[in-house]
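Reviewing the structure listed below.
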Protein chains: 2
Amino acid sequence: MGIVEDQALSAFVRRLKLRSDLNAEEQQAILALPGQVRGVVRNQEIVRPGDLTTKSHLVANGLLVRFDRLQDGRRANTALHIAGDMCDLYSVVTPIAESGIAALSDAIVVDVPHKALQAIAAKFPAVALAFWRDTAVDAATLRTRTVNLGRMDATARLAHLLCEMGHRMEVAQLGSQYSYHFHVNQEQLADTLGLTAVHTNRVLKALRKAGVADVKGHHVNVLDLDRLTSIGGFDLPQWDSQTKLASRAGRTLRSRI
Amino acid sequence: MGIVEDQALSAFVRRLKLRSDLNAEEQQAILALPGQVRGVVRNQEIVRPGDLTTKSHLVANGLLVRFDRLQDGRRANTALHIAGDMCDLYSVVTPIAESGIAALSDAIVVDVPHKALQAIAAKFPAVALAFWRDTAVDAATLRTRTVNLGRMDATARLAHLLCEMGHRMEVAQLGSQYSYHFHVNQEQLADTLGLTAVHTNRVLKALRKAGVADVKGHHVNVLDLDRLTSIGGFDLPQWDSQTKLASRAGRTLRSRI
DNA sequence: CGCTTCTTTGACGTCCCTCAACTCGGGTGG
DNA sequence: CCACCCGAGTTGAGGGACGTCAAAGAAGCG
């Protein structure tokens, strides 16, 4: 097993352990998962809508996006995935892809066969719970995005996204909330926020002029985190709610099984 | 075990079997789940955001909604649940509620302890997969809603919702796509569509005038399903994609475990 | 029959989209 | 080293979809 797989799987275990209690043997089983490393270039589609998948994709490096295409060709991004995310873990149980997965930056991906994931889920109930939980957390993120799209204006949606990504980057040890690498252009940002590229540009400009945050050349600089948080209505305690309890309740839950 | 629990659990098993392969013993284990039946009245909140939950809620009868509240008090609905849905199955793995659950109509709910759900998930790997899959399908529905909110106009969003609910009603044997009971008022519809009640009213009127669909007094009448489907961009094959394969691939997957 | 709740309608404002042009930086080839 | 080009970012003008505010019907219900 190469070093890239090892590091990626370690990051994945670290992510799972934020919310799930896994003993040494269970962690070892995940670290020992077979995986095929491959590089992908920017804009490459890793999963196309409609594909029948047999592998899940672990991000070792770079930024991936989950997207849907409408009849008229427009795109809508439904999730962004950073290193340590198994970006379509859910495909183990729903192998026909409805959304596509693409690379927003050059990236390194580890393909992990569904078969292997199912095998350790069947062997270790705690791992099965951890995988299920990861899917639920992914869904919770999506739910937040749904609420924002339905009920918040463009500025708030952008601010929320910047808070969210900063926080995730920090938790994943990939940067700080105040300054992080974010490899999206304004068009891709627009597809994530449900806006046009033009209006995304204006909103970015407004945040910059207001001295709140500066997004430029694939890099985010947060100048006033409090205001950004308040504009975006980003609720950190809620965002992290599952993490805190999991380390306590996870233990309880396992003992019950 | 009373007749209401039995019927509700049967409907739940029927729902799971649409996508997951469960043998007689596994089905029996689900049907034997303990559950507390209770009636809830319209507008009653069953789960409040922030609650620590210990039970999942199976809808025996009526219409439930999953909602979020914003700081300013506005609401956003993220899911609607009909009879046979375990509306917060995901809470087994993420017990701290981020969204609330409320009744849109008077309803009958069966409370099923997480403990019991975990127990059969641990005993039967196929059941664990089925639960995980149900959470993934719920997330896929949410993803569709996200795309619609981000990229479709009010008329299309409404049309899509009417198609979706009609289809789900029909699959759950609660009505036909052309005519079904839908216990929401225009304000709740607005919270689901990311609109104001006033504009929802105008859009409903437009669909009525166009002879496409008539929503009146908690009842939906679809006059021209083809046009409704086309306006809403409702993609039935995609919607059902996991159902079809599951009955075939599910078998394969289980044999691999 | 009077109350509440819900629906409907109008007038007006605003947020965001559309279309179109211009700018900028960075690569590439002559 | 300059000419060109290309993708991405920026800006302006105008329009349309949807929100806001306000008030008048309906419809259920005690």
Side-chain angles (χ1 to χ4, degrees), chain A residues 41-44 63 70 72-76 103-106 148-161 182-210 213-221 231-232, chain B residues 41-44 63 70 72-76 102-106 148-161 181-210 213-221 231-232:
Chain A
V41 299
R42 196 167 76 95
N43 291 332
Q44 186 175 334
L63 186 65
L70 306 195
D72 59 10
R74 287 184 304 170
R75 284 171 68 132
L104 289 182
S105 68
D106 292 346
N148 291 344
L149 284 171
R151 285 285 178 243
M152 293 168 66
D153 68 15
T155 311
R157 300 207 292 262
L158 173 60
H160 189 103
L161 183 67
F182 190 31
H183 202 107
V184 289
N185 62 26
Q186 295 182 0
E187 195 175 347
Q188 289 151 343
L189 209 45
D191 284 337
T192 307
L193 297 171
L195 300 171
T196 56
V198 171
H199 198 249
T200 301
N201 178 282
R202 290 191 231 267
V203 176
L204 285 168
K205 179 179 165 188
L207 279 189
R208 196 179 303 135
K209 287 262 155 93
D214 191 2
V215 181
K216 212 149 203 167
H218 300 162
H219 196 91
V220 177
N221 255 304
I231 292 170
Chain B
V41 299
R42 196 167 77 95
N43 290 332
Q44 185 175 335
L63 186 65
L70 306 194
D72 59 11
R74 286 183 304 170
R75 286 170 67 131
L104 289 182
S105 66
D106 292 346
N148 291 345
L149 283 172
R151 284 285 177 241
M152 292 168 68
D153 68 15
T155 311
R157 300 208 293 262
L158 173 59
H160 190 102
L161 182 66
H181 186 70
F182 189 30
H183 202 107
V184 290
N185 62 26
Q186 294 182 2
E187 195 175 348
Q188 289 153 342
L189 208 47
D191 284 337
T192 307
L193 296 170
L195 300 172
T196 57
V198 171
H199 199 249
T200 301
N201 179 281
R202 290 192 231 267
V203 176
L204 285 169
K205 179 180 165 187
L207 280 190
R208 198 178 302 136
K209 286 261 157 89
D214 191 2
V215 182
K216 214 149 204 168
H218 302 161
H219 197 91
V220 177
N221 255 304
I231 291 169

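Any value given below was found using the heavy atoms of this structure, including those in side chains, with hydrogens, waters and symmetry copies removed. Below, chain A is the first sequence line, B the second, and so on; all start at residue 1. Small disclaimer: the values here were computed from a predicted structure and weren't measured.
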Spacing between B:Gln188 atom CD and C:dT7 atom C1', to the nearest angstrom: 14 Å

Output the rounded distance in Å from CG (A:Leu204) to P (D:dG9). 9 Å

Is it true that B:Arg151 and A:Asp191 have a side-chain N and a carboxylate O under 4.0 angstrom from each other? yes

With salt bridge (charged side-chain N to carboxylate O under 4.0 Å, His left out) as the rule and sequence neighbours excluded, what pairs involving residues 152-161 of chain A come up? none

Round to a whole Å and report the spacing from NE2 of A:His183 to C1' of D:dA8. 12 Å

Once you apply a heavy-atom cut-off of 4.0 Å, does A:Arg42 come out as touching a base, just sugar-phosphate, or nothing? sugar-phosphate

Just say parallel, tilted or perpendicular for the rings of B:His218 and B:His183, cut-offs at 30° and 60°. tilted

Establish, with yes or no, whether the OP1 or OP2 oxygen of D:dG7 is under 4.0 angstrom from a side-chain nitrogen or oxygen of A:Gln186. no

Whole-Å distance between C:dT7 C1' and B:Glu187 CD? 11 Å

Report the distance from atom CG of B:Asn221 to atom CG of B:Asp214, rounding to the nearest 0.5 Å. 6.0 Å

For nucleotides 23-30 of chain D, just jot down a letter per nucleotide in 5' to 3' order: B, S or -, based on protein non-hydrogen atoms under 4.0 Å. --------

Should A:Val184 and A:Val215 count as side-chain neighbours, where that means a heavy-atom distance under 4.5 Å? no

Flag the pair A:Arg42 / A:Asn185 as yes when at least one side-chain heavy-atom distance between them is below 4.5 Å, and no otherwise. yes

Indicate whether OP1 or OP2 belonging to C:dT8 is found under 4.0 Å from a side-chain N or O atom of B:Arg208. yes

Mind checking if B:Asn185 touches a base, just sugar-phosphate, or nothing, with heavy atoms under 4.0 Å? sugar-phosphate

Toward the 5' end of DNA chain D, by each residue's nearest nucleotide, A:Gly150 or A:Val215: A:Val215

Please report the end-to-end axis angle for the helix from C:dC1-D:dG30 to C:dG30-D:dC1, five pairs per end, rounded to 10 degrees. 30°

Could you check how far CG of A:Asn201 sits from P of D:dT10, rounded to whole Å? 5 Å

To the nearest Å, how far apart are B:Asn148 CG and D:dA17 P? 18 Å

Could you tell me how far apart B:His218 (NE2) and C:dC6 (P) are, to the nearest whole angstrom? 8 Å

Does a side-chain heavy-atom distance below 4.5 Å link B:Leu158 with B:Leu189? yes

Report all side-chain donor-acceptor pairs from residues 194-206 of chain B shorter than 3.5 Å, counting only partners two or more places apart or in another chain.
residue  : atom : partner  : partner atom : Å
B:Thr196 : OG1  : B:His199 : N            : 3.2
B:Thr200 : OG1  : B:Thr196 : O            : 2.8
B:Asn201 : ND2  : B:Gln186 : OE1          : 3.0

Exercise: identify the closest heavy-atom pair between A:Leu63 and A:Ser105: N-OG, 3.0 Å

Taking only residues two or more places apart in sequence or in another chain, which ones pass salt bridge (Lys or Arg N to Asp or Glu O under 4.0 Å) with A:Arg75? none

Round to a whole Å and report the spacing from CG of A:Leu149 to P of D:dC18. 14 Å

Going 5' to 3' along nucleotides 10-17 of chain C, which nucleotides have protein heavy atoms under 4.0 Å from the base (write B), which only from the sugar-phosphate (write S), and which from neither (write -)? BB----BS

